[in-house]
Each structure stands twice: as C-alpha cells, then as structure tokens.
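Naming: A, B, ... by sequence-line order, numbering from 1 per chain.
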Amino acid sequence: MKIATWNVNSIRVRLDRALAFLKRHEPDVVCLQEIKVVDEGFPEEAFREAGYQSTIFGQKTYNGVAILTRNPVQSVQRGIPGFEDPQSRVLAVTVDGVRVVNVYVPNGSQVGSEKFDYKLRWLEQLTQWIDEDGLLETPFLICGDFNIAPDDRDVYAPDEWRGRVLFHPDEHAALAKLQGLGLVDAFRLHQEEGDHYTWWDFRGGMFWKNKGLRIDHFLINEPLIPRCKSAEIDTWERKGKQPSDHAPVLITLEGGDSA
DNA sequence: ATGGTAGAAACTCTA
C-alpha cells in the first residue's frame with residue numbers, strides 16, 4: 001500500500017501534474033491540501049477516469065483538503081469534531097484497514113499574531129481529538145502540511161529560522177504533544193540525514209539553491225511502524241512547469257488488508 | 001527591514 005501527501009496549492013492549476021503523478025507512482029491513497037476550491041469545482045471526473053474516487057472537503061479561495069483512493073472509504077470525517085472552524089483543514093477516512101487523517105495545519109503567519117494563536121489552538125484541538133477518540137487502537141496515520149519543521153536537520157538555515165514561524169518552540173511543543181500520543185515521523189525511520197526538504201519559497205529561487213524546510217509529514221502509530229518499508233520526498237514534482245511550492249511525500253506500507 | 005513569486009479573486013489577501 002502506497003500513500004502520498006501533497007500540498008498542491010490549487011488543484012485546478014495542478015490537475016495535469018496530479019494526473020501525471022498518479023501514473024508515475026500508482027499510489028493507493030493521495031492526501032491533498034490547499035485545493036483552493038469548493039467541492040463542486042473539484043475535478044472529480046478526471047480522477048475517476050484515472051481510477052480514483054474523491055472524498056472532498058473544499059473551501060472557496062483558501063485551504064481545502066481532499067483524499068483520492070483506489071478503494072472505497074469508510075467513516076468520513078470533515079473537520080475536528082466539536083471544534084468550530086470556518087476553514088476546511090481536516091479530512092479523515094478509513095481505507096484499506098488504515099485510519100488516515102489528512103491535515104492542512106494553519107500557517108501561523110507571524111509569531112505573536114492572531115493567526116499564530118489560531119495555529120496553536122488548532123493543534124491543541126487536533127491532539128485532543130486524536131487522543132480522546134480511541135483512533136490509536138488500530139492502524140492509524142496522520143499526514144499533510146504541518147507547517148512545522150521538527151528540528152535543525154529540517155531547516156536550511158536553522159539559526160536564521162529559530163524562533164520564527166514554522167520553526168518556533170511553541171510549535172515544537174505542540175507537535176511533541178501530538179507525537180507523544182505514540183506517533184513517529186515515518187520519514188525519519190528511513191532517513192536520518194538533514195538537507196531533505198518538502199517546501200521551498202517561490203521567491204528568490206530557493207528550490208534551486210536547495211534552501212527549503214521539511215514541513216510535510218507522515219506520523220504513524222505503533223502497528224504501522226514495522227509495516228513502513230520506505231519514505232521518500234518526490235522533489236521531481238518541484239521542478240518543471242508550474243510546480244507547487246511543496247513536493248509530495250510518499251510512504252509504502254507492507255501487509256495489512258489492502259485489496 | 002524589505003522584497004522577492006504564486007494563486008484566487010477582484011484591485012488585496014494568504015502563503
């Protein structure tokens with residue numbers, strides 16, 4: 001079973017690339033963030049022709065998440081239960097025996113801003129839900145754009161970034177609390193070196209200088225750890241014509257009851 | 001401290 005996460009930064013602009021991505025990797029599940037469109041505008045038909053069904057939680061102009069799957073999904077959840085949030089940032093499904101939570105964590109804008117407070121509150125609500133919902137009893141993963149670089153290896157210039165949004169102690173504490181529920185960073189199971197990034201600012205040709213941050217993640221629970229055979233960042237998707245500012249991340253899970 | 005780019009939408013906001 002192959003699962004991908006990708007902040008596409010508008011699914012309408014990225015449709016051709018997304019279809020080519022499906023052909024190239026043949027993933028079973030793809031979690032998309034920042035689709036930037038309402039449900040009705042999502043290119044469901046094009047994905048159906050490619051062999052995928054779409055589960056969508058859209059929003060006009062900003063945010064929006066969706067999950068593409070080869071197989072049918074169960075127990076669809078939109079948003080964090082009990083948390084009033086006008087922004088579409090969370091979509092969970094159960095597919096092939098795995099509970100998959102797709103998140104687009106708030107960016108936070110500037111440390112100390114209202115948006116930064118919202119980011120921290122939002123992460124707290126997310127953690128509380130995962131903790132209380134008994135979701136961790138069975139194979140479980142949460143993936144997406146976390147807008148947090150976990151440690152120094154994940155930032156091209158850690159001393160320059162330390163204390164700024166995406167690399168702030170309060171964000172690290174919030175992420176640690178979530179991981180404290182028993183989740184591990186799947187990428188780090190397979191790669192301990194730094195210099196592997198998933199996002200590069202469009203401005204200043206940061207990709208070509210490899211000045212990026214690793215802010216897109218897969219967090220997996222105990223039952224999935226022995227099944228996780230690989231984790232990779234597809235930097236190819238950051239190259240060429242009209243790339244997103246994020247590269248996709250993919251993991252493979254062996255075994256389980258995937259059809 | 002500022003501006004650089006991209007996307008959606010509508011001459012600005014978000015990232």
Side-chain angles (χ1 to χ4, degrees), chain A residues 5-21 30-44 46 56-66 79 85-91 102-123 126 143-150 154-157 159-168 170-172 174-175 197-217 233-249:
Chain A
T5 180
W6 189 13
N7 180 324
V8 288
N9 189 7
S10 169
I11 192 56
R12 288 177 289 182
V13 170
R14 225 65 63 202
L15 180 58
D16 287 348
R17 289 196 75 127
L19 292 169
F21 174 80
V30 183
C31 293
L32 302 172
Q33 303 89 36
E34 278 204 275
I35 61 174
K36 292 187 170 179
V37 71
V38 293
D39 292 14
E40 296 72 33
F42 190 85
E44 205 171 349
I56 312 157
F57 186 33
Q59 186 186 324
K60 189 183 154 142
T61 311
Y62 302 117
N63 314 309
V65 285
D85 189 356
Q87 307 186 10
S88 302
R89 296 180 172 278
V90 176
L91 178 61
N102 177 18
V103 296
Y104 175 45
V105 176
N107 170 280
S109 185
Q110 297 259 327
V111 174
S113 68
E114 231 170 82
K115 291 194 177 78
F116 191 74
D117 290 341
Y118 166 64
K119 180 179 193 173
L120 296 178
R121 267 203 330 276
W122 194 96
L123 284 163
L126 176 74
C143 67
D145 178 359
F146 283 74
N147 271 314
I148 302 174
D154 304 312
V155 182
Y156 69 90
D159 290 330
E160 198 179 301
W161 276 81
R162 213 177 307 283
R164 285 168 56 182
V165 73
L166 311 185
F167 200 52
H168 187 277
D170 293 350
E171 296 171 332
H172 290 146
L175 184 62
Y197 309 125
T198 64
W199 172 82
W200 302 258
D201 202 312
F202 280 128
R203 299 166 288 191
M206 298 300 260
F207 179 72
W208 303 109
K209 300 172 187 162
N210 197 27
K211 292 185 171 182
L213 276 69
R214 192 175 69 92
I215 58 176
D216 300 83
H217 309 294
I233 300 165
D234 180 15
T235 51
W236 191 88
E237 276 302 341
R238 189 59 178 77
K239 302 170 187 170
K241 228 182 124 189
Q242 276 192 308
S244 166
D245 47 350
H246 293 252
V249 185

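Nucleotides B/dA8 and B/dG3 have their P atoms positioned 25 Å apart, rounded to a whole Å. With both ends at atom P, the span from B/dC13 to B/dA9 equals 16 Å, rounded to whole Å. The C1' atoms of B/dG7 and B/dC11 are separated by 15 Å, rounded to the nearest whole Å. Of the P atoms belonging to B/dA10 and B/dT14, the separation is 14 Å, rounded to the nearest Å. Straight-line distance between the P atoms of B/dT12 and B/dA1: roughly 25 Å, to the nearest whole Å.
Each of A/N7 and A/K60 lies near DNA chain B, and the nucleotide nearest A/K60 is the one positioned closer to the 5' end.
Residues that satisfy the side chain to side chain contact (heavy atoms under 4.5 Å, CB included) test with A/D201, not counting sequence neighbours, are A/W199, A/R203, A/M206. Scored by the side chain to side chain contact (heavy atoms under 4.5 Å, CB included) test, A/T198 finds A/R214, A/I215, A/D216, A/I233, A/V249 as partners (sequence neighbours excluded). Partners of A/F116 under the ring pair (Phe, Tyr, Trp, His ring centres under 6.0 Å) rule, at least two apart in sequence or in another chain, are A/H168. Scored by the side chain to side chain contact (heavy atoms under 4.5 Å, CB included) test, A/P106 finds A/R89, A/Y118, A/K119, A/W122 as partners (sequence neighbours excluded). Legend: residues meeting ring pair (Phe, Tyr, Trp, His ring centres under 6.0 Å) with A/F167, ordered by chain and number and at least two apart, are A/H172.
Scanning DNA chain B 5' to 3' for nucleotides with an atom closer than 4.0 angstrom to a non-hydrogen atom of chain A gives a first and last hit of B/dG4 to B/dA15.
Between A/Y156 and A/Y197, the ring-plane angle classifies as perpendicular under the 30° and 60° cut-offs.
Residue A/F207 is classed as having no contact, given no heavy-atom separation below 4.0 Å to the nucleic acid.
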